[in-house]
Amino acid sequence: MPSAFNHDRFGPLPMMALASIAVIALFVWQGNNSFSLWDEGFLWYGAQRVMLGEVPIRDFMAYDPGRYYWAAALMHLCGNNGIMVLRAALAIFQAMGLSVGLLLIARTVKGRSFVYLLLSAVILIVWMYPRHKLFDISLSIFLIGALTHLVEKTSGRSYFLAGFVVGLAAVFGRNHGVYGAVGSLGILCWLSIKRSDPTHLARVLMLWSVGVLTGYSPILLMLILVPGFPAAFLEDVRYLFEVKATNIPLPVPWPWSVSLTSLPAEDAIRGILIGVFFMSILVFGTFATLWVVKQKLLRRPVAPALVPASFLTLPYAHFAFSRADVSHLAQGVFPMLIGVLVLLSYQPGRIKWPLVLALCVASVWVMTPFQPGWECREAKCAEVKISHSTLKIDPGTAQDIALLRSLADKYAKQGRGFIAAPFWPGAYALLEQKSPMWEIYPLLPRSEAFELDEIRRIEASNPGFALIYDMPLDEHEALRFKNTHPLIYQYILNNFTLLPGSPNPYYQIYRAKR
């Protein structure tokens with residue numbers, strides 16, 4: 001590419017320093033704020049079980065294994081399986097991802113505009129939400145970085161490296177492998193435009209494929225060497241095709257769907273901006289991809305990072321729209337954000353500064369209320385001891401934790417197990433107990449054979465109590481636990497006694513009859 005887009009004005013070390021300072025400052029502000037028995041607990045439980053020798057997917061419901069082994073390795077080094085060590089492991093991954101993102105932007109900034117990089121850092125870090133999904137956010141940035149290297153240096157080594165990063169991303173999340181593969185194939189075709197050698201695409205595709213297999217080798221080795229893992233892994237993949245979805249969908253919050261009369265002005269503006277960001281992903285992904293292809297056809301220069309950002313935006317739009325809430329928007333928005341920041345970085349000042357300031361203000365306006373540190377800004381949070389650390393959490397979650405500990409003291413003494421379904425996998429991590437069921441987050445319907453296997457596991461573990469969170473997820477009656485898992489629910493009714501005086505109408509609390 002022309003040297004105009006390869007300045008190296010700010011090298012890796014300054015960007016690593018800036019990213020580390022930003023992540024550390026954020027961690028100091030809100031590292032011990034908030035706690036979720038839901039999704040964060042899902043990750044925490046998995047990391048704890050891996051530390052005890054269990055295998056993700058085989059021994060418990062899980063994401064792909066990479067994130068658990070990363071977290072468990074750092075927790076093992078610290079000799080601590082607590083929630084704060086898990087968050088520190090996530091923060092390290094976050095700092096790595098932010099470093100790569102800032103370096104991609106820095107390479108195209110006109111002049112030594114450190115102010116632009118500071119604004120970019122604010123934009124990127126404020127979108128790094130939720131905390132337990134920082135693996136997914138950073139992986140999307142790593143893919144942009146690897147494919148940018150490929151665009152800059154189209155050598156055999158760079159094709160292999162791009163494939164390697166795609167394969168390694170799939171170790172942490174197979175969806176990232178799919179997104180990376182789609183984006184990579186688009187870029188391989190883009191690089192082949194105007195080439196006279198008809199065999200070029202086949203040759204580089206072979207190099208890239210070898211890289212993918214090498215990067216994915218940890219999973220391939222587990223399939224060969226770990227007993228029981230192949231069957232569990234294939235069943236996990238098969239179930240995705242059975243349900244025909246990677247998530248439980250929500251309606252897209254388009255800007256025109258916001259009620260301007262029933263919401264406070266601040267919330268209405270936020271709702272409109274959220275809708276605009278959803279629209280922007282589709283618009284940028286479509287037009288940026290067409291534009292970089294046109295530039296290639298006309299043999300005009302393109303900023304290297306803009307090419308993968310463009311080709312990855314639409315694949316990651318699937319992530320954002322699979323469950324159209326702010327959490328999934330944040331996980332799918334980074335190719336667009338980096339693409340926009342790269343594009344603006346070399347524009348004239350009259351264009352660059354107003355637009356980057358507008359993007360920064362909009363990002364802060366949308367995302368600040370979702371930050372854990374924002375929850376406790378007015379001293380509304382309670383201090384609760386969790387895994388030897390004092391956390392500031394909302395009163396409702398504090399009451400739920402107290403309830404779980406009280407029930408364990410009464411009905412699950414001396415390490416006896418319990419059931420918490422379907423929304424609280426973090427209950428097992430909180431009390432450091434093994435779930436009696438493989439499916440620690442039972443949200444979707446399962447087959448009769450699956451439920452019978454789970455019942456056998458429950459019988460073998462002899463749990464002391466069961467807490468069924470009887471809420472229709474997303475207000476769908478079909479997604480109540482008694483409807484998604486009727487056989488397990490009936491087993492609980494037959495073998496447990498309902499306790500009176502539940503503190504929440506949605507909580508059905510049972511003690512074992514035995």
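The model shown is predicted, which means the values in this text are computed figures rather than measured ones.
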Considering only residues two or more places apart or on different chains, which pairs with a residue in [range] satisfy side chain to side chain donor-acceptor pair (under 3.5 Å)?
range: residues 118-129; value: Trp127-Ser363
range: residues 66-75; value: Arg67-Asp136
range: residues 53-62; value: Arg49-Glu54, Glu54-Lys434

Residue of the set Ile401, Val384, Asp400 for which side chain to side chain contact (heavy atoms under 4.5 Å, CB included) holds with Phe35: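 For Phe35, the side chain to side chain contact (heavy atoms under 4.5 Å, CB included) check succeeds only for Ile401.
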
- request: Could you check if a side-chain atom of Met279 sits within less than 4.5 angstrom of a side-chain atom of Pro255, using non-hydrogen atoms only?
  value: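 Sidechains of Pro255 and Met279: in contact.
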
task: Classify the ring geometry between Phe496 and Tyr491 as parallel (under 30°), tilted (30 to 60°) or perpendicular (over 60°).
output: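 Answer is perpendicular, since the angle exceeds 60°.
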
message: Check this for me: does any side-chain nitrogen of one of Lys392 and Glu375 sit under 4.0 Å from a carboxylate oxygen of the other?
response: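 Looking at Glu375 together with Lys392, the answer is no, because their closest N to O distance does not fall below 4.0 Å.
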
query: Thinking salt bridges, do Glu459 and Arg456 make one under a 4.0 Å N-O criterion?
result: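 No, no charged N to carboxylate O under 4.0 Å.
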
Extract all donor-acceptor atom pairs below 3.5 Å that involve side chains of residues 418-431 and protein atoms in other chains or at least two apart in sequence.
from, atom 1, to, atom 2, distance (Å)
Tyr428, OH, Ala420, N, 2.8
Tyr428, OH, Ala420, O, 3.3

query: Within the distance-only criterion (no hydrogens, no angle test), does the side chain of Ser502 pair as donor or acceptor with the backbone N or O of Tyr507 below 3.5 angstrom?
result: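 At least one qualifying donor-acceptor pair exists.
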
- prompt: What pairs with Tyr510 under ring-ring contact (aromatic ring centres under 6.0 Å, His included), at least two apart in sequence or on another chain?
  reply: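 Listed in chain order: nothing, the list is empty.
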
- prompt: Taking only residues two or more places apart in sequence or in another chain, which ones pass side-chain contact (heavy atoms from CB on, under 4.5 Å) with Val237?
  reply: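 Partners of Val237 by the side-chain contact (heavy atoms from CB on, under 4.5 Å) criterion, ordered by chain and then number, come out as Arg174, Phe233, Phe241.
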
